[in-house]
Amino acid sequence: MKGKTMKSPTKVIAIAAAFATVASLAACSGGGASDGKIELRVATFPPGADQAAYDAFATQEAQFEKKYPNIDIIGVEYEWEGPTFTAQLAAGSLPDVFTVPFTDAKTLLENGQLADVTEEIEKLGYADKFNPIILDAVKDADGHLFGFPRQAYALGLQYNRDLFEQAGLDPNSPPTTWDEVREYAKQIAEKTGKAGYATMTQNNTGGWQLTAQAASRGGFLQSDDGTTSTIANDGVKATLQFFHDLRWEDHSMGDNFLLDWGSINQEFAAGNIGMYTSGSDLYTALVRDFSLDPAVYGLTTIPMEDGGKVLGGGDIAVLPPSLDDATKDAAVKWVDWYYMQKLLNEDAAAADAKALADSGQAVGTPVLPVLDQATYEESLTWIEPYVNVPREQMQGFIDHIFEQTPVGEPKSHTQEIYALLDPVVQAVLTDENADIDALLAQADTDAQALLG
């Protein structure tokens, strides 16, 4: 099997997006090993993660294998991407433990593509500790559970403190309204020549961020039961008009209008973007995978208006249903040890934080707790000696996120809806005369056809 060579002693192989490589990896998958140990292939980091990330993982891998000497952990490079995930899933090439966004879990479990872990979670004793809204993402109509919610986030406004200072703005006083975001973006563009503001536009991320910003303006894409499309609403229209005005009137969005999660992060880390919206947990990936200078990072809550809510999301650790009993048992042990115990157990939380901190990885990045708020706040006291992120640069988010009302992503055909909206965002940014009403009317019709 071909894989990406890593300097770390961690056993890591690469999953490529190309179907041929996906198929070749499928042939290598299996739970057995010649020495009698159970080989467990687990998702690690996206391709391009820095060496320190793998060093930290190697420490954690050794700790786990000491506790469970009959299990051999094989780390697999992994990054969920909508267009390639389906091919990987169909080819059977995904690891034995991988993660999926909340938005995909319902469809996957309904299609029988995730292992039922109800009995395992109940035996572990913390099913009732999960935030019930978050747990709903992995629950079927009969109440069975098909994954472990492992991390959650709320959308925040990421900003570059250095570009703020160059533009004569106070990085400790980030914008609190969308009008201020527009003013700041224009000033950054005029003073620095960089994009004052940017947004994602492709690989379903354009639709995701349009949804997030529309929600902050009181506009939601579907009825609560997910049966009726409501895309053509004032919040969505106001967001697209906002993009239009920054792009065509203020010229504050630069000249790259084909960005997704990875590429916008890269541009931001390179100092080419002043502000954009993304998950509150993004700092970890920006530093680990995109070499961001921590000193320039700022995070605050996204503005709210007209009854807006903050879009939340996250991902879930899941298993394929094809695992044999021994491999499934090993996979549950890994998920519980690697993802869950650091949220629930003081010793595990401290050990995890120490391993990360010793390898220069981020500890203390703001998140939304997947468990109850009291447990989360207690866990922060457990890891306090190891916190190494500049939380004072994230104070706008930390101080105000619990004042905002969270809302989940659209329930039905989420990624397909996002894909429908990508070209709408692109059209507004590339055609000054794009008819926003007509674009939304067509998207609404297309979305309703998906919903039935």
Is the centre of the Y297 ring less than 6.0 Å from the centre of the Y283 ring? yes
Going from CG on N265 to CE on M200, what distance comes out if it is rounded to the nearest 0.5 angstrom? 6.0 Å
4.5 Å side-chain heavy-atom contact, F98 and V100: yes
For residues Y418 and E409, determine if any side-chain heavy atom of one lies less than 4.5 Å from a side-chain heavy atom of the other. yes
Donor-acceptor under 3.5 Å (T430 side chain, Q426 main chain): yes
Taking C-beta and beyond as the side chain, do I417 and L450 meet within less than 4.5 Å on heavy atoms? yes
Side-chain donor or acceptor of Q404 paired with backbone N/O of I302 under 3.5 Å: yes
Reported CE-to-CE distance for the pair M253 and M275, which is rounded to 0.5 angstrom: 10.0 Å
Considering non-hydrogen atoms only, spot the tightest contact between A105 and V138 and give its length. CB-CG1, 4.4 Å
Does N111 have more than 12 heavy atoms from other residues, nucleotides or ligands lying within 6.0 Å of its CG? yes
Atom CG of D234 with >12 non-hydrogen neighbours under 6.0 angstrom: no
Quick one: pull up CG in L451 and OG1 in T228 and give me the separation to the nearest 0.5 Å. 7.5 Å
T176 vs E180, side-chain hydrogen bond (donor to acceptor under 3.5 Å, both in side chains): CA-CA, chis, key distance, verdict: CA-CA 7 Å; T176 59; E180 286 184 352; 3.2 Å; yes
Q442 side chain to D446 side chain, donor-acceptor N/O pair below 3.5 angstrom: yes
Would you say the ring centroid of Y54 lies under 6.0 angstrom from that of F45? yes
Taking L323's backbone N and O only, do any of them form a donor-acceptor pair with T327's side chain (distance below 3.5 Å, no angle check)? no
May I ask you to check whether Y153 and F397 place their ring centres under 6.0 Å from each other? no
Under a 3.5 Å threshold, yes or no: a donor from one side chain and an acceptor from the other, between N233 and T230? no
Ring centers of F64, Y338 separated by less than 6.0 Å: no
Start with the C-alpha gap between T277 and Q209, add the side-chain angles, then the distance that decides, and say whether side-chain hydrogen bond (donor to acceptor under 3.5 Å, both in side chains) holds. CA-CA 7 Å; T277 57; Q209 287 305 302; 2.4 Å; yes
Could you please spell out the steps behind the side-chain hydrogen bond (donor to acceptor under 3.5 Å, both in side chains) verdict for D245 and Q241? CA-CA 6 Å; D245 294 347; Q241 189 64 50; 3.0 Å; yes
If every non-hydrogen atom of A195 is compared with every non-hydrogen atom of G254, which pair is closest and at what distance? CB-N, 3.7 Å
Kindly state whether the ring of F85 and the ring of Y78 have centres lying under 6.0 angstrom apart. no
How about L311 and W208: do any of their side-chain heavy atoms sit closer than 4.5 Å? yes
Pair K309, S216: side-chain N/O donor-acceptor within cut-off below 3.5 Å: no
A side-chain contact here means heavy atoms from C-beta on lying under 4.5 Å apart; do I264 and I273 qualify? yes
Value for CD1 (I121) from CE (M340), rounded to nearest 0.5 Å, stands at 8.0 Å
Do S229 and D444 pass the side-chain hydrogen bond (donor to acceptor under 3.5 Å, both in side chains) test, and can you show the C-alpha distance, the side-chain angles, and the key distance before you say yes or no? CA-CA 6 Å; S229 175; D444 202 34; 2.5 Å; yes
Looking just at side-chain N and O atoms, do E267 and N256 make a donor-acceptor pair shorter than 3.5 Å? no
Passing option when F268 is tested against Y276, W261, Y159 for ring pair (Phe, Tyr, Trp, His ring centres under 6.0 Å): Y276
Do N203 and T205 have side-chain atoms, one donor and one acceptor, less than 3.5 Å apart? no
Value for CD (E79) from OG1 (T99), rounded to nearest 0.5 Å, stands at 10.0 Å
Main-chain N/O of V428 paired with W248 side-chain donor or acceptor, under 3.5 Å: yes
Closest approach of L145 to T118 (non-hydrogen atoms, all atoms of both residues): N-OG1, 2.6 Å
Scanning both residues in full, the closest heavy-atom pair of G235 with T239 reads O-OG1, 2.9 Å
Short question: side chain of Q113, backbone of T107 - any donor-acceptor pair under 3.5 Å? no
What verdict does the side chain to side chain contact (heavy atoms under 4.5 Å, CB included) test give for L221 and L421, after you've listed the backbone C-alpha separation in whole Å, the side-chain angles of each residue and the deciding distance to 0.1 Å? CA-CA 11 Å; L221 270 60; L421 293 172; 3.5 Å; yes
For atom CG of D325, is the number of surrounding heavy atoms from other residues, nucleotides or ligands below 6.0 Å larger than 12? no
Is the shortest side-chain N to carboxylate O distance from E120 to K328 below 4.0 Å? yes
Evaluate the side-chain proximity of V310 to T301: yes if any heavy-atom separation is below 4.5 Å, no if none is. no
Check the pair M394, V389 against side chain to side chain contact (heavy atoms under 4.5 Å, CB included), reporting the backbone distance first and the verdict last. CA-CA 9 Å; M394 310 171 186; V389 305; 4.0 Å; yes
Testing the 3.5 Å rule here: is there a donor-acceptor pair between the side chains of D179 and T177? no
Can we say R182 and D250 salt-bridge, meaning some charged N sits less than 4.0 Å from an Asp/Glu carboxylate O? yes
So F130 and Y126, would you call those rings parallel, tilted or perpendicular, with 30° and 60° as cut-offs? perpendicular
Between Q88 and G92 (side chain of the first, backbone of the second, donor and acceptor by atom type, cut-off under 3.5 Å), is there such a pair? no
Should V370 and R150 be marked as a side chain to side chain contact (heavy atoms under 4.5 Å, CB included) after you check the CA-CA gap, both sets of side-chain angles, and the distance that decides it? CA-CA 7 Å; V370 297; R150 73 173 191 97; over 6 Å; no
Minimum heavy-atom distance L114-F146, with the two atoms named: O-CD2, 3.5 Å
What are the two closest heavy atoms between A443 and L420, and how far apart are they? O-CD1, 4.3 Å
Can you tell me how far the CG atom of D422 sits from the CG atom of L210, to the nearest 0.5 Å? 9.5 Å
Give the C-alpha distance, both sets of side-chain angles, the deciding distance and a yes or no for side chain to side chain contact (heavy atoms under 4.5 Å, CB included) between I436 and V236. CA-CA 10 Å; I436 292 175; V236 177; over 6 Å; no
Does any non-hydrogen side-chain atom of I316 lie less than 4.5 Å from one of F102? yes
Has D140 got a side-chain atom pairing as donor or acceptor with G143's backbone, closer than 3.5 angstrom? yes
Would you indicate whether the side-chain heavy atoms of V332 and L124 approach each other to under 4.5 Å? yes
